[in-house]
Q: 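The structure is given below, and queries will be raised subsequently.
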Amino acid sequence: MTFDVEILFKIAAIGIAIAILNQILIKAGREEQAMLTTLAGVIIVLAIIINMLSEFFDTIRVFLTF
């Protein structure tokens with residue numbers, strides 16, 4: 001398992017896009033949609049992190065079996 005810097009950039013890009021979209025929706029008076037977009041962004045980032053943790057624990061399990 002290697003830690004790619006691309007993953008950090010991907011998470012940062014998602015965060016920036018969600019923040020911009022959130023501000024646009026709040027200015028338009030759509031606070032509910034802004035909250036749902038923020039929640040969707042958090043769920044997407046959590047899915048990426050859970051996938052990385054799964055790969056990490058698989059790697060640890062392989063090393064411990066030797």
Q: Could you pull out all residues at least two apart from V45 that satisfy side chain to side chain contact (heavy atoms under 4.5 Å, CB included)?
A: I11, I14, I49

Q: Are I44 and I7 in one and the same hydrophobic cluster, where Ile, Leu, Val, Met, Phe, Trp and Tyr link if side-chain heavy atoms are under 4.5 Å apart?
A: yes

Q: Verify the cluster assignment for I43 and L36: are they in a single hydrophobic cluster under the rule of side-chain heavy atoms below 4.5 Å apart?
A: no

Q: Suppose we screen for side chain to side chain contact (heavy atoms under 4.5 Å, CB included). Which residues come up paired with D58, at least two apart in sequence or across chains?
A: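 Partners of D58 under the side chain to side chain contact (heavy atoms under 4.5 Å, CB included) test: S54, R61.
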
Q: Output the distance between atom OG1 (T38) and atom CG (N22), rounded to the nearest 0.5 Å.
A: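 The CG atom of N22 is 3.5 Å from OG1 of T38, to the nearest 0.5 Å.
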
Q: For a quick test of reading the model, state the closest non-hydrogen atom pair linking I26 to A34 and the distance between them.
A: CG1-CB, 3.8 Å

Q: Applying the 4.5 Å side-chain criterion to the ILVMFWY set and letting contacts propagate, would I48 and L53 be lumped into a single cluster?
A: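 Linked within one cluster.
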
Q: Please name all residues satisfying side chain to side chain contact (heavy atoms under 4.5 Å, CB included) with Q33, sequence neighbours left out, ordered by chain then number.
A: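 By the side chain to side chain contact (heavy atoms under 4.5 Å, CB included) rule, Q33 matches L25, R30.
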
Q: Excluding sequence neighbours, so at least two apart, what forms side chain to side chain contact (heavy atoms under 4.5 Å, CB included) with I24?
A: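 Once residues adjacent in sequence are excluded, the partners of I24 under the side chain to side chain contact (heavy atoms under 4.5 Å, CB included) criterion are I20.
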
